[in-house]
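Everything on this sheet refers to the single structure shown next.
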Amino acid sequence: MTQTQSEILFTRAQESIPGGVNSPVRAFRGVGGVPRFIARGQGSSIYDVDGNEYIDYICSWGPLILGHRPPDVIEALTAVLDVGTSFGAPTGREVELAELIVDAVPSVEMVRLVNSGTEATMSALRVARGFTGRTLTVKFEGCYHGHVDSLLVKAGSGVATLGIPDTAGVPKEFADTTIALPYNDLDRVEQVFSERGDKIAAVITEPVSGNMGCVPPQPGFLEGLRRITERHGSLLIFDEVMTGFRLSYGGAQQLYGITPDLTTMGKIIGGGLPLAAYGGRADIMKKVAPVGPIYQAGTLSGNPLAVTAGIAMLHYLEQHPEVYDALEERAAQLTSYVPEGVCVNRVGSMFTFFFQPGPVTDFESAKRSDTARFGRFFHFLLDHGVYFPPSQFEAGFLSAAHTDRDIAKTMSTIREFFESQ
Ligand code: KE4
């Protein structure tokens, strides 16, 4: 049997790149088989190097809320190439993007641009420790905040997909500064704070988790975190790298009406280019160098290319609020068929089909899913031109480019899988 171009490239890639990929979840280890090497994307579709077309429900893991190559972003990027790519000096564009974020996100009075969600969460944690003078962090099992040393404790996303208990290379001393609790378990948070509250710098959480699959906050959970952290003088950090500008223009914090002290953002604000940010209360952010003593820096932070793409993306979302209604409608349609023995969690345009009866409210329950059957489901869809995330412990994403026809085809393919079982 002749090899596909993806197979040939995957074999070659593994010679020079660990696992042949630049991010573990892309290697299909959670579902088996050979990852598809992608040649191009357009609208709601991606095309692999063998010419196969797929309806894309990964959307670059969230950034592409407008789909692939949205005209406004592409035009803006084409134009900025005429002025340069990076200066290592301040530009007016960065001020414009910062002001857009401040205007959009309720908790953000000041913001610092960085290059990845990991950098954003790492920096936000350092700021929280520096501001409070405390060392400990509370996170939740199954939440993923990037590959920050101290946060790779019972993490979700690729760590969960690969079943890595707690990643090698993180000194015990770092991991010991993190208290990992079950998501949605407010009693455990109360208990930990009653014992060690005066040592806890911050609670960091995904307000809606997308990294153990999509798991919404139970009623009262986020409100409880806000109340408990306030009572103990700890900071509340919402990691909105995934939910920011996706669940609403003001993110999950606007949707749920909870204002954290710090917020991390990424994905959508870069318009598909490497850009992330952390921000929040001005009194906290003014502790960041060069104004304050907490150091954080970055060669390409705020670079004109990524910032231009981000401005074009946020301008479009600001000027077309109907995008969110359309996403809600289409995602509700897509997840309206819930097969027997499957539990579907969805918030806005983030969703996961868990292969178990459910409910799925935390990492322990998510892990009870039949990942082998999910793998068969994934490949059935892939063979029929529908590209879901290659892991039970990831969220799928819809974009404004997904059409009713895409949804209809996806739903009929899902039905076909279950009817063929
Ligand atoms: P990056 O460093 O990958 O830009 O962002 C890390 C991050 C932080 N916080 C949240 C809530 C996130 O979801 C992420 C990254 N998300 C994963 C998808 N589950 C990225 C995909 C990947 O690792 O390849």
Side-chain angles (χ1 to χ4, degrees), residues 17-31 35 38 56-65 113-125 137 139-153 155-162 164 167 183 202-217 237-247 251-253 260 262-278 298 300-301 306 309-310 347-352 363 366 387-397:
I17 305 170
V21 292
N22 284 308
S23 200
V25 73
R26 303 177 190 170
F28 277 24
R29 293 276 173 110
V31 293
I38 302 305
D56 178 20
Y57 289 97
I58 297 181
C59 299
S60 179
W61 298 100
L64 303 182
I65 193 169
L113 303 180
V114 295
N115 300 287
S116 73
T118 296
E119 237 190 298
T121 57
M122 174 179 69
S123 308
L125 223 47
T137 310
K139 80 172 286 281
F140 296 97
E141 294 161 7
C143 285
Y144 176 72
H145 305 289
H147 58 92
V148 184
D149 275 342
S150 66
L151 292 178
L152 279 177
V153 175
S157 186
V159 183
T161 301
L162 298 174
I164 302 174
T167 180
Y183 193 68
V203 171
I204 184 169
T205 190
E206 293 179 62
V208 173
S209 182
N211 287 295
M212 51 182 119
C214 179
V215 176
I237 303 173
F238 271 9
D239 180 354
E240 295 225 40
V241 166
M242 188 183 280
T243 56
F245 294 92
R246 174 162 285 278
L247 297 187
Q253 59 193 266
L262 290 173
T263 298
T264 54
M265 295 153 278
K267 297 182 191 275
I268 289 172
I269 66 170
L273 268 67
L275 190 148
Y278 67 98
L300 290 168
S301 294
V347 180
S349 55
M350 293 168 55
F351 62 91
T352 298
F363 197 28
Y387 200 139
F388 266 32
S391 166
Q392 174 67 97
F393 306 113
E394 292 287 1
F397 301 96

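What you see is a predicted model; the values in this text were computed from it and never measured. All residue numbers in this chain count up from 1 along the given sequence. Just the heavy atoms: all of them, side chains too, but no hydrogens, waters or symmetry mates, feed the values below. In each ligand, atom 1 is the first atom listed, and ligand 1 is the first ligand listed.
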Going by distance alone, is a donor N or O of one side chain under 3.5 Å from an acceptor N or O of the other, for Arg246 and Ser349? yes
Result for side chain to side chain donor-acceptor pair (under 3.5 Å) between His145 and one of Thr205, Asp239, Thr121 points to Asp239
Side-chain contact, heavy-atom cut-off 4.5 Å: Pro260 with Gln253?
yes
Ranking Asp239, Asn211, Val25 by closest non-hydrogen atom to atom 19 (N) of ligand 1, top hit is Asn211
A student checking ligand 1 against Tyr144 at a 4.0 Å heavy-atom cut-off should list atoms 9 (N), 10 (C), 11 (C), 12 (C), 14 (C), 15 (C)
Ligand 1 atoms nearer than 4.0 angstrom to some heavy atom of Ser157 are 17 (C), 18 (C), 19 (N)
So the atoms of ligand 1 within less than 4.0 Å of a heavy atom of Lys267 turn out to be 13 (O), 15 (C), 16 (N), 17 (C), 18 (C), 20 (C)
- [ ] Ignoring angles and geometry beyond distance, decide whether His145 reaches within less than 3.5 Å of ligand 1 through its nitrogen or oxygen atoms.
- [x] no
ask   = Just wondering, do Leu152 and Tyr144 contact through their side chains at under 4.5 Å, heavy atoms?
value = yes
Of all protein heavy atoms, the one nearest atom 1 (P) of ligand 1 is Gly117 N, 3.5 Å
Dump the intermediate steps for side-chain contact (heavy atoms from CB on, under 4.5 Å) on Val114 and Met122, then the final yes or no.
-> CA-CA 11 Å; Val114 295; Met122 174 179 69; over 6 Å; no
Met350 side chain near Phe397 side chain, heavy-atom distance below 4.5 Å: yes
Under 3.5 Å, side chain of Thr243 to main-chain N/O of Gly251, donor-acceptor pair present? no
So, for atom 3 (O) of ligand 1, does the protein have a heavy atom nearer than 4.0 Å? no
message = Side chain or backbone, does Trp61 bring an N or O within less than 3.5 Å of an N or O on ligand 1?
response = no
Nearest non-hydrogen contact to atom 7 (C) of ligand 1 from the set Gly270, Gly146, Ala155 belongs to Gly146
For Ser23, the atoms of ligand 1 under 4.0 Å from one of its heavy atoms are 22 (C), 23 (O), 24 (O)
Is there a polar contact, in the sense of an N or O pair closer than 3.5 Å, between Thr118 and ligand 1? yes
Indicate yes or no: at least one non-hydrogen side-chain atom of Val25 is less than 4.5 angstrom from one of Pro389. no
| said: Between ligand 1 and Met242, is the shortest N or O to N or O distance under 3.5 Å? | reply: no
So the atoms of ligand 1 within less than 4.0 Å of a heavy atom of Ser116 turn out to be 2 (O), 4 (O)
| query | Is it true that the side chains of Glu394 and Thr352 contain a donor and an acceptor less than 3.5 Å apart? | reply | no
For Glu394, the ligand 1 atoms with a heavy-atom partner under 4.0 Å come out as 18 (C), 19 (N)
